[in-house]
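What's counted below: heavy atoms across the whole structure, side chains too, no hydrogens, waters or symmetry copies. Remember, predicted model here, so these are calculated numbers, not experimental data.
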Amino acid sequence: MDTRDPMAEHRPCTARNETPLQRADRNFVELLQELRVTQTGVQILFAFLLSLAFTSRFEDLDTVQRVTYVITLLLAVLAAALFTAPAALHRSLFQQGAKPRIVQVSSRLATTGLSVLVFAFSGSVLLVVDVTTGRAGGIAAGAATFLVCVGLWGLLPRLVRRAGLRKEADATGETAEEGPDQGDVKVPALLRRTVRQPSGLRGAAAHREASARHR
């Protein structure tokens, strides 16, 4: 027996005052906008690799360069397939009430596609620089491309998220400075209101304050 509340999908559940379905719709639209940006790069790379095989200089490639070309081409195809999979998934499950699940799976597909695209970019740069300048230059350029993509696509978002969490923690006072009554012990501001002195100490303190006033 299904015990789920049928109205739960229509109740606001986020800071934007959105229902779960509205949030899924917004997330899917944002995901599609991101995929349009990445698909442009994949299409340009794929077209370049396809046309490369029909150039006159392609016959001069050695074995390593040909293997690099084939692997890079296959990686570009795989990245393109991963980036277009969300559209196919949405079309297959259209009007079946699976939008939140579609968004979740599509996000994973896009993340996997970006990982594959890193290697496709690195391989293409490796191939081009190898042909034009030499093997050492190609390896150096491919490694540099890989590091740049990993840094911008993987490391930078983590640093931004960590900075945001640190700023939010500072704003809410979760790591407040030590107070006058806590000595050397740092007590979070949210817990300070719940920390009280024992009743005996409070009574003694009140008696000292009253005596000081009488003096």
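- The CZ atom of Phe119 sits 13.0 Å away from atom OG1 of Thr145, with the distance rounded to the nearest 0.5 Å.
- Under a hydrophobic clustering in which Ile, Leu, Val, Met, Phe, Trp and Tyr are joined whenever their side-chain heavy atoms come within less than 4.5 Å, directly or via other members, Leu52 and Leu50 fall into the same cluster.
- A donor-acceptor contact shorter than 3.5 Å links the side chain of Arg66 to the backbone of Leu61.
- Hydrophobic clustering, with ILVMFWY side chains joined whenever heavy atoms are under 4.5 angstrom apart, keeps Leu147 apart from Ile139.
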Q.
Pair Arg36, Gln39 - check side chain to side chain donor-acceptor pair (under 3.5 Å), show working.
A. CA-CA 5 Å; Arg36 288 190 181 97; Gln39 282 178 347; over 6 Å; no
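- The CZ atom of Phe94 sits 8.0 Å away from atom NZ of Lys99, with the distance rounded to the nearest 0.5 Å.
- Atom CG in Leu75 sits 9.5 Å away from atom OG in Ser122 (nearest 0.5 Å).
- Between Leu93 and Ile102 the shortest heavy-atom distance is CB-CD1, 3.7 Å.
- In this structure, Phe121 and Gly41 approach most closely via the heavy-atom pair CE2-O, 4.4 Å.
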For residues 148-156, please give each side-chain donor-acceptor pair under 3.5 Å, one per line with the distance, not counting sequence neighbours.
none

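- Leu45 contributes atom CG, which lies 5.0 Å from atom OG of Ser124 (distance to the nearest 0.5 angstrom).
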Q.
Using the rule given for side-chain contact (heavy atoms from CB on, under 4.5 Å), can you reason through Arg161 versus Arg166, listing the C-alpha separation, both sets of side-chain angles and the distance that settles it, and then say yes or no?
A. CA-CA 9 Å; Arg161 180 175 58 184; Arg166 187 182 299 111; over 6 Å; no
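- Considering all non-hydrogen atoms of both residues, Ala120 and Ala76 come closest at CB-N, 4.1 Å.
- Remark: Glu30 engages Arg26 in a salt bridge (Lys or Arg N to Asp or Glu O under 4.0 Å) (not counting sequence neighbours).
- In the hydrophobic clustering of this structure, Leu74 groups with Phe46; members are Ile, Leu, Val, Met, Phe, Trp, Tyr whose side-chain heavy atoms approach within less than 4.5 Å, directly or through other members.
- Note on residues 62-86: pairs passing ring-ring contact (aromatic ring centres under 6.0 Å, His included), not counting sequence neighbours, are Phe58-Tyr69.
- Listed here is the closest heavy atom pair of Val125 and Gly142: CG1-N, 4.2 Å.
- A distance of 9.5 Å separates OG1 in Thr112 from CZ in Arg108, rounded to the nearest 0.5 Å.
- Note: the hydrophobic cluster containing Val70 also contains Val42 (ILVMFWY, side chain heavy atoms under 4.5 Å, direct or indirect links).
- In terms of hydrophobic clustering, with Ile, Leu, Val, Met, Phe, Trp and Tyr side chains grouped at heavy-atom distances under 4.5 Å, Val118 and Phe48 are assigned to a common cluster.
- The backbone N or O of Leu35 lies less than 3.5 Å from a partner atom in the side chain of Thr38, making a donor-acceptor pair.
- Listed for the Asn27 side chain is a donor-acceptor partner under 3.5 Å among the backbone atoms of Arg23.
- A donor-acceptor pair is defined here as one N or O able to donate and one able to accept, closer than 3.5 Å; such a pair exists between the side chain of Ser92 and the backbone of Ala88.
- In this structure, Leu82 and Leu114 have side chains that are not in contact, with every pair of non-hydrogen atoms separated by 4.5 Å or more.
- Nearest approach of Arg57 to Val131, heavy atoms of both residues: NH2-O, 3.4 Å.
- Arg162 has its side chain out of reach of Leu165: every pair of non-hydrogen atoms, C-beta onward, lies at least 4.5 Å apart.
- For the atom pair CD of Gln96 and NE2 of His90, the computed distance is 10.5 Å after rounding to the nearest 0.5 Å.
- Contact between Ala79 and Gly113 at its shortest, heavy atoms only, is CB-O, 4.1 Å.
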